[in-house]
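Here is the structure we will look at, set down as structure tokens.
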Amino acid sequence: MSGQHKSLHDVHSSVDIASKKSTWRKIMAFFGPAYLVSVGYMDPGNWATDLAGGSQFGYTLIWVLLCSNIIALFLQSLCTRLGIVRGQDLAQCNRETYPKGMNFILYLLAEIAIAACDLAEILGMAIGLQLLFGLDLIWGVLISFADTFLLLYLQRLGIRKMELFIIGTIFIIGMCFLIEMFLAQPDMAALAQGFIPSIPNTQALYIAIGIIGATVMPHNLYLHSALVQTRKIEKDDTSIKKALKYNFWDSAIALNLAFFVNAAILILAASVFHRNGMTGVAELEDAHQLLAPTLGTEWASRLFAIALIAAGQSSTITGTLAGQIVMEGYLQLRISPALRRIITRLLAVVPAVIVILMMGDKGVGKLLIFSQVLLSMQLSFAIIPLIYFVSDKEKMGRFAISMTSKVIGWTIVVLVGGLNLKLVYESVTDVLAMDVSQGIKVLVVAGGVGLVVLLALTILYPLYRRRHKVNVDIHHQLHIHTTTVNEFNTIAVALDYSEVDNKTLSYALKLAHAQSRLVLIHIVESAAARRSGRDTEDAETQKDQQHLDNYATFIAEKGFTVLPVLGYNNRVTEIAGICAEYGADLLVVGSHGHRGFKDFIYGETVNNLRHEVGIPVFIAQ
């Protein structure tokens, strides 16, 4: 796989396992990815479904949480296997397997799932800020947009620092609920009975599906298959086997912590609200307001709000990462990392703002539960391809899953898919029974049929492809003719007077031949240059010209023809114009190591240059 197609390329293989000196350090280096995944299992969307289940049905649905956690552990272990063995994430594998049109639909469903998840996380964090500080929901949502820049900063520090930050938030959440459990004093006998499977009624089924959707999230499957690739390991069988083992333990520990948090919320709702006849508590605000008077201490409410903010903060970061993985994997969209993350966050912030402006604070809790049911509806479209990929002996070799794992996997598909089909049928039936227009009924029926058809195609197409040897080529077919490569007669070199220039000029000289002409380009971007352009004669312009002349003299002494040229104001258009004016047949630019906002700017410059100039662009790194 080429560098530009690596999953999460900016942190890909950034943790070198072999460089760790002791065995213990090597083992610990594997631990971390599952914690980023686990926060998705304890995000605010889970809270809404757990509160609704606990307050309405007491401890009855805790078995659903346990089963969901076991399913999650199994599926996440399959994701780690896919990422470690094949070196691709789930989105990239889908792109290689399914036809273009179907891939686009699967991409849209994945984006909808991430948007639904992000919506729940943003709303949850905003509610937490409102409960703790009295801040309006709309301001809380807008503040959550800053998470995008927090993510950029954390990724600049490295994936291990990001994992440490997430583990810190998990610790805060866990401690808050440990104290809440001590205050609530649950009925242990009734709690034990809750592990006996039962679904009292249709409403319990709806909430149970919501719990499954909140616990086993489709975006986490994409996320985990990419995160394990941040570890740099050898590709021999022994190293892969060790990586699979240690990643399984990483998942087991992290997901059991998530189970503790989810169970604590449901137990809290059952022991505080259901036991006292408050069966209608399903919204986070209600739970916050009722905890203090019921348990007799203000700390009960405060801890609830603190944990909610920590959950929203951490899960928004991982949700944004999942958006990056899905967008790159399905579309191979090449844009600046900062811009990509801003777009991903806007996909969730904008709907959240619209919902709050239209519905106000009321109905947000119902929206949270609906978002989790929506996630559950998308789950089959992630699980089915995952099982196919890890079962493929041609691609997975000896690490393809066993027949027992296949049976378990397809049993999960039948369980989740069956529950979802039942929910689709009941939802369509309910709409048909309502007094609504015929057009709405047709749309609902068409949507339900469309989901069923797509589900069938997701299952059947890989079988058809394998049987008929269909080649889904994600790239254009190559028609390579052996021709003489033209030598570069005029090489344009973009310089910015930084340490990068040394590499840029070195590569330019290596690519040049004895008769090559080098056009050295620097763009003046002073205030005077923006105003006066080529008529500028300020001190900065004169200094830049002198610096460029020094470069030219140095290269001319090596026997090359050199033309130093200053451009003004707009970096992209000026460089492209100079290349055209001097007939350059190669442009050499430097890869910059800027941080923060400068990274966003320079990343866009290189991308825009590639589209503006009609010649090859060499990026010196």
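Predicted model only: the values in this text are computed from it and were never measured.
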Hey, are the side chains of [X] and [Y] touching, using non-hydrogen atoms and a 4.5 Å cut-off?
| X | Y | value |
| --- | --- | --- |
| Ile27 | Trp249 | no |
| Leu82 | Cys93 | yes |
| Trp63 | Ile199 | yes |
| Met327 | Glu111 | yes |
| Cys79 | Tyr222 | no |
| Leu257 | Val261 | no |
| Phe171 | Ile167 | no |
| Leu90 | Ile325 | no |

Test: Arg231 and Glu163 ion pair at under 4.0 Å: yes

Does [atom1] belonging to [X] count more than 12 external heavy atoms closer than 6.0 Å?
| X | atom1 | answer |
| --- | --- | --- |
| Lys235 | NZ | yes |
| Lys242 | NZ | no |
| Phe248 | CZ | no |
| Phe104 | CZ | no |

Which atoms form the tightest heavy-atom contact between [X] and [Y], and what is the distance?
| X | Y | answer |
| --- | --- | --- |
| Asp89 | Gln229 | N-NE2, 3.5 Å |
| Phe30 | Ile233 | CE2-CG2, 3.8 Å |
| Pro200 | Thr60 | CG-CG2, 4.0 Å |
| Ala110 | Val326 | CB-CG1, 3.8 Å |
| Asn247 | Pro33 | OD1-CG, 4.5 Å |
| Ser38 | Ala258 | O-CB, 3.9 Å |

Run the side-chain contact (heavy atoms from CB on, under 4.5 Å) test on Phe259 and Ser68 for me, step by step, so that the C-alpha distance in whole Å, both residues' side-chain angles and the decisive distance to 0.1 Å come before the verdict. CA-CA 9 Å; Phe259 170 69; Ser68 297; over 6 Å; no

Looking at [atom1] of [X] and [atom2] of [Y], how far apart are the two atoms once the value is rounded to the nearest 0.5 Å?
| X | Y | atom1 | atom2 | answer |
| --- | --- | --- | --- | --- |
| Ile384 | Ile412 | CD1 | CD1 | 12.0 Å |
| Leu455 | Ile459 | CG | CD1 | 4.5 Å |
| Asp16 | Thr230 | CG | OG1 | 11.5 Å |
| Asp250 | His224 | CG | NE2 | 6.0 Å |
| Leu451 | Thr458 | CG | OG1 | 10.0 Å |
| Thr97 | Leu106 | OG1 | CG | 10.5 Å |

Verify side-chain contact (heavy atoms from CB on, under 4.5 Å) between Leu75 and Asn220, making sure each step is shown before the conclusion. CA-CA 10 Å; Leu75 294 176; Asn220 271 340; over 6 Å; no

Stepwise, does the side-chain contact (heavy atoms from CB on, under 4.5 Å) test hold for Leu221 with Gln76? CA-CA 6 Å; Leu221 303 181; Gln76 296 300 157; 3.6 Å; yes

Residue set satisfying side chain to side chain donor-acceptor pair (under 3.5 Å) with Ser77, at least two apart, ordered chain then number -> none

Looking only at atom types and distance, does a side-chain atom of Asn256 sit under 3.5 Å from a main-chain N or O of Ala252, one as donor and one as acceptor? yes

Ignoring hydrogens and geometry, is there a side-chain-to-backbone donor-acceptor pair from Arg86 to Lys395 under 3.5 Å? no

Could you check Asn69 against Asn262 for side-chain contact (heavy atoms from CB on, under 4.5 Å), going step by step and ending with a plain yes or no? CA-CA 10 Å; Asn69 192 63; Asn262 284 323; over 6 Å; no

Please test Asn103 against Tyr330 for side chain to side chain donor-acceptor pair (under 3.5 Å), starting from the C-alpha separation and ending with a verdict. CA-CA 7 Å; Asn103 245 315; Tyr330 276 110; 4.9 Å; no

